[in-house]
Amino acid sequence: MYETVSFIHSWWAYLVLLVLIIATVNFIIGITSKKEYGATDFRLALFGLIVSHIQLLIGLVLYFVSPYFKAFGQVGMGEVMGDSTLRLYLVEHPLMMIIAIILITIGYSKHKNKRLSTSKFKTLGIFYGLGLVFVLSRIPWSAWF
C-alpha cells in the first residue's frame, strides 16, 4: 500500500505545483494589469484549492502508512529530530505543507468577501504565493526526481 500511495502522492504533486504556479502568476498579472476578475480566475483559484486539499489527504494517508512513521515509536522524538532525513519526512515536510494549504484556504476564503477585482487578485496572489513558497521550501527534491 505504501508504494501505491507514495506514487500517487509524488505524481499528484506535479499537478499541485503546476496549478499553484499558474494561479499565482495569473493573480500577479491580474494585480499589475488591473484586469477584471472573471470566471476563469475563480475557477483557477478553486482548482488550486481542490488539488492542494486532495494532495493533503493523500499525504496524510501516506504519512501513517510510511515506514518512517514507525520511527517515532522505535527511536523517539529526540532521535527523529537529530536525523535530518527523519526530521524532513516526519516533521518539516508535513508541517510546512499543512501551513501552505492553510494559507491557500485562507486566501480563497478571504477573496470571496472582496468586491473589487484588484482586492481579489491581491488577496489570492499573496496567500497562494506564500503557499507556493512554503510548498517549494520543503519538497524533498532529492527523492522526488
Side-chain angles (χ1 to χ4, degrees), residues 1-72 77-78 80-145:
M1 179 172 178
Y2 169 74
E3 291 81 17
T4 304
V5 177
S6 178
F7 177 80
I8 293 168
H9 185 69
S10 293
W11 282 99
W12 193 263
Y14 288 113
L15 178 64
V16 172
L17 271 180
L18 179 67
V19 170
L20 286 180
I21 289 169
I22 291 170
T24 303
V25 169
N26 180 62
F27 301 145
I28 291 170
I29 290 171
I31 294 168
T32 57
S33 69
K34 300 189 188 299
K35 71 176 191 170
E36 282 299 312
Y37 183 83
T40 304
D41 303 310
F42 176 77
R43 287 185 188 105
L44 195 53
L46 181 60
F47 195 59
L49 179 79
I50 291 169
V51 297
S52 62
H53 278 83
I54 290 171
Q55 179 72 344
L56 173 66
L57 294 175
I58 296 167
L60 287 173
V61 170
L62 179 63
Y63 186 79
F64 291 109
V65 300
S66 168
Y68 292 114
F69 185 68
K70 295 181 179 101
F72 274 130
M77 189 61 156
V80 166
M81 295 305 284
D83 183 340
S84 62
T85 303
L86 289 175
R87 186 178 62 240
L88 173 66
Y89 285 110
L90 293 173
V91 180
E92 294 172 358
H93 178 75
L95 180 64
M96 293 302 279
M97 298 306 148
I98 290 170
I99 292 171
I101 292 171
I102 288 170
L103 287 169
I104 291 166
T105 305
I106 291 170
Y108 183 80
S109 297
K110 288 176 96 36
H111 103 278
K112 293 188 300 184
N113 298 330
K114 307 289 183 189
R115 297 222 182 266
L116 300 174
S117 292
T118 308
S119 300
K120 287 180 181 278
F121 281 123
K122 188 175 181 182
T123 301
L124 287 168
I126 290 170
F127 283 97
Y128 276 54
L130 286 172
L132 178 61
V133 168
F134 276 52
V135 167
L136 291 173
S137 73
R138 286 292 104 200
I139 289 176
W141 295 104
S142 60
W144 203 31
F145 291 115

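Nearest heavy atoms, L88 versus P140: CD2-CB, 3.8 Å. The minimum heavy-atom distance linking A100 with G131 is given by the pair CB-O, 3.4 Å. Between K120 and R115, the shortest heavy-atom contact is CE-O, 4.4 Å.
Between F121 and Y37, the ring planes are perpendicular. Angles over 60° get that label, and only those under 30° would be called parallel. Between Y89 and Y68, the ring planes are parallel. Angles under 30° get that label, and only those over 60° would be called perpendicular.
Between the side chain of R87 and the backbone N or O of M81, at least one donor-acceptor pair lies under 3.5 Å. Of the possible donor and acceptor atoms, one in the side chain of H53 sits under 3.5 Å from a partner among the backbone N and O of L49. The closest donor-acceptor contact from the side chain of Y128 to the backbone of G107 lies at 3.5 Å or more, if one exists at all.
Applying the salt bridge (Lys or Arg N to Asp or Glu O under 4.0 Å) criterion to E36, with sequence neighbours excluded, gives no partner residue. The ring pair (Phe, Tyr, Trp, His ring centres under 6.0 Å) check on F134 picks up nothing, with sequence neighbours excluded. Applying the ring pair (Phe, Tyr, Trp, His ring centres under 6.0 Å) rule to F69 yields the partners Y63, F64; only residues at least two apart in sequence or on another chain are considered.
Using a cut-off of 4.0 Å between Lys/Arg side-chain N and Asp/Glu carboxylate O, K35 and D41 are scored as salt-bridged.
Results of the side chain to side chain contact (heavy atoms under 4.5 Å, CB included) test with L124 over H111, K114, K110 single out H111 as the only residue that passes. Screening I21, L20, L17 for a side chain to side chain contact (heavy atoms under 4.5 Å, CB included) involving L136 leaves a single residue, L17.
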Residue pair L62, Y2: steps toward the side chain to side chain contact (heavy atoms under 4.5 Å, CB included) verdict = CA-CA 7 Å; L62 179 63; Y2 169 74; 3.5 Å; yes
V135 vs M97, side chain to side chain contact (heavy atoms under 4.5 Å, CB included): CA-CA, chis, key distance, verdict = CA-CA 6 Å; V135 167; M97 298 306 148; 3.9 Å; yes
query = Please walk me through it: do V61 and L57 pass side chain to side chain contact (heavy atoms under 4.5 Å, CB included)?
reply = CA-CA 6 Å; V61 170; L57 294 175; 5.9 Å; no
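With values rounded to the nearest 0.5 angstrom, Q55 atom CD is found 8.0 Å from S10 atom OG. In this structure, I31 CD1 and S119 OG are separated by 10.0 Å, a value rounded to the nearest 0.5 Å.
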